[in-house]
Structure formats: C-alpha cells, structure tokens
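The shown structure was predicted, so the numbers you read here are calculated from the model rather than taken from an experiment. The figures here come from the full heavy-atom set of this structure, side chains too, leaving out hydrogens, waters and symmetry mates. Note that the numbering runs from 1 along the sequence shown for the chain.
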Amino acid sequence: MNTSTAAQPIKAGMHIPFVREMAETTYNMWKFGWDERNGGNVSCILDEEEVSPYIDIQQVQYNIQPAFPVHELAGKYFIVTGSGKYFKNVIDDPEANLGLLRVSANGEQLEVLWGFKNGAVPTSELPSHFMSHIERLKVDPQHRVVIHNHATNVIAMSFIHDLNENTFTKTLWEMCTECIVVFPDGIGVIPWMVPGSNAIGQATAQKMRDHHAVLWPHHGIFGTGHSIDEAFGLIETIEKAAQIYMLTAHHSVRQKITDQQLADLATAFGVTPRAGILQI
Ligand code: 2HA
Ligand code: ZN
C-alpha cells in the first residue's frame, strides 16, 4: 500500500549543506529580532571539496568587481548574503538571497558560481567582511566565518555604557559566568561610522587582529569563528550578557562576579583574558 503523502518540493539549493546552514542561521537570527528588514550579513569561506559536489566550479556565471583587489583571498570560495535581502526570506528562496562566489586567481574579480538570482548582488558590507577575513586568517588559519547583525541589547548597551573597549569587555564578562571563557580576547569597539564603506571595513578589520568580535556602536556587532555555529554562538553569548546588563542596569546591584572569580574561571578553563582588564 502506498501511504506516502505528497512530497514537499525541496527549495532550490536547500539540498546543499552550506546553503541550508546559511538559510537556517539567517532565519534564526531574524527570529531573535536581530535582523529586521534587510539588517545583517553573513559570509563563510568554503573548501573546494565542499562546493564541487553540488556546484560546477568551472562554470563562472559572471564576474563582479570587488570594492578593492583582494589578493589575500585569491582562489577562496565564499557563500554570502545578498545586498538588500531580508534574512526572514532566505529559507524560502536561497538562490535569490544568497550567492556563491570565488575570488579570481589574481584577486581582481569575484566569480559568481551560484545564486544571486534576478540580479542580486553581494552584501553592502562585503568590504568589511573581506577585510575582517583577511585579518582573522593572519592570526588564525582555521578562521572561516564573519557574521554581522543588529543584536538588540548590544545596540542598547552602546547608548548607556561608555565605549572604552576594556571597560565594555569587563562589564560583559561580569554579566554571565561563561563570558570570559567564550571571549577571553574581549570585544573590540570602533567609533560610530557610516556603514558599507571601506573606512568602516578598515576600522573593523584592525580590531579583528586582537578580537573575534567588534561592536559597531548604535548599529550592531561583527562576530567571527571557525564555523557558523561558533560565530553565531559568540554573538549569542555577547548579546545574552548585554541583555543581563540592560535588565540590571537600572537596579541596585547587591553582588557581582569579582575580578578574582573571573581570573579563577580563566584558570579553570585554560583561557588567557585580554591583559589590562582584570584588576588583581
Ligand atoms: O545589510 O546590516 O550594515 C544591512 C546592514 C548594513
Ligand atoms: Zn548592519
């Protein structure tokens, strides 16, 4: 007896593991309220072996001129979100909201291999992403992912906390016990700047030499990692700490995690807190 019900048609691209992960992650970020409208962008470095079973890597659809030559990333494959695209919608049409590109061998072109259907183009923050990838790869060859989003409490905190990156980091560490273990290198902070520009990309990337995450005051956050899970988890942890801060900031605090306790955590978990933040 045939008991099967009508199969749901699988959306174009959703059989590809890295496309599915991008679609699910962008959807989750939207559900968290971190990516209203077209807010946020993601880029992930892929190995040729991950790409080639699903996409014809000989078949360049067309070329795009990058904002600056990216010699350092020559030959690398990236799955990236599209400019002006809504994270809410990626899951319903990955091909129209995402694109797969390869930096050409001479670093002067971006070769589109898949996606960006109907004239879509890569995220407006591609310069910031590329510059951040370049800097993270210098300090960590395993680096692969840059996520930018508009994490709500991180933005809120940037209005009421000072923007010194050491004191901002210290406050975040004090909010939840696990923070110093998840981001012992702290959070980098740049001044408010116009998004989408090479200048904000340079300022962000400079902070990426010493930090996995960078705050854009009154705008959002950049988080990086070896995987989408790791970069997402980093932002989640920072946002959680910022949420605790926002929930407690207008209350009188009766007890807190001390600097000695933060140092004990670092020792217990084998991490080295960024120097100059703990006073012990
Ligand atoms: O893509 O988040 O910073 C929209 C943005 C720009
Ligand atoms: Zn943004």
Side-chain angles (χ1 to χ4, degrees), residues 18 21-22 25 40-51 57 60 63-83 98-113 115-116 121-149 165 183-191 193-217 219-235 238 274:
F18 54 82
E21 193 179 17
M22 286 285 283
T25 302
N41 23 80
V42 181
S43 63
C44 174
I45 298 174
L46 301 166
D47 295 332
E48 193 165 285
E49 304 79 70
E50 291 176 274
V51 176
I57 58 170
V60 176
N63 286 289
I64 302 176
Q65 189 90 32
F68 61 98
V70 272
H71 304 294
E72 297 90 336
L73 303 174
K76 289 204 185 301
Y77 292 80
F78 289 87
I79 180 100
V80 304
T81 49
S83 177
L98 304 175
L100 181 95
L101 44 88
R102 179 174 57 207
V103 179
S104 65
N106 65 7
E108 308 274 340
Q109 298 290 325
L110 306 177
E111 302 168 337
V112 174
L113 299 169
F116 295 140
V121 294
T123 165
S124 59
E125 302 295 0
L126 199 61
S128 288
H129 281 245
F130 275 165
M131 291 183 209
S132 294
H133 282 297
I134 290 168
E135 291 307 321
R136 287 306 307 163
L137 282 168
K138 283 184 195 163
V139 292
D140 180 3
Q142 309 245 71
H143 160 85
R144 277 159 64 109
V145 177
V146 173
I147 297 178
H148 163 62
N149 68 30
E165 63 193 10
F183 53 102
D185 55 350
I187 181 170
V189 181
I190 62 164
M193 294 174 80
V194 174
S197 60
N198 282 0
I200 201 170
Q202 280 153 2
T204 307
Q206 196 220 324
K207 295 294 180 187
M208 288 291 180
R209 293 176 196 163
D210 299 316
H211 307 275
H212 284 82
V214 177
L215 169 70
W216 285 10
H219 181 146
I221 188 164
F222 266 68
T224 65
H226 296 173
S227 63
I228 287 185
D229 263 358
E230 209 181 71
F232 184 87
L234 172 61
I235 291 176
I238 293 169
R274 185 169 170 73

Aromatic ring centroids of [X] and [Y] under 6.0 Å?
X: His219; Y: His148; result: yes
X: Phe78; Y: His133; result: yes
X: His211; Y: Phe183; result: no

Apply the salt bridge (charged side-chain N to carboxylate O under 4.0 Å, His left out) test between Arg144 and each candidate in Glu21, Glu230, Glu50; give the one that qualifies.
-> Glu50
Minimal heavy-atom distance between Val103 and Ala74, with the atoms involved, is CG1-CA, 3.8 Å
Heavy-atom closest contact (Ser128 atom, Trp216 atom, distance) = OG-CZ2, 3.8 Å
Can you name the one residue among Asn149, Thr81, Thr123, Ile79 that meets side chain to side chain contact (heavy atoms under 4.5 Å, CB included) with Val42?
-> Thr81
Does [X] use its side chain to pair, donor to acceptor, with the backbone of [Y] at less than 3.5 Å?
X: Glu165; Y: Val189; value: yes
X: Arg209; Y: Val139; value: no
X: Thr224; Y: Val146; value: no

Might you work through the side chain to side chain contact (heavy atoms under 4.5 Å, CB included) test for Met22 and Ile228, ending with a clear yes or no?
-> CA-CA 8 Å; Met22 286 285 283; Ile228 287 185; 3.7 Å; yes
Any chance you could measure Met131, atom CE, to His129, atom NE2, to the nearest 0.5 Å?
-> 11.5 Å
Would Asp210 and Asp185 satisfy side chain to side chain contact (heavy atoms under 4.5 Å, CB included), going step by step from the backbone distance to the final call?
-> CA-CA 7 Å; Asp210 299 316; Asp185 55 350; over 6 Å; no
Check the side chains of Ser227 and Asp229 for a donor-acceptor pair under 3.5 angstrom, ignoring hydrogens and angles.
-> no
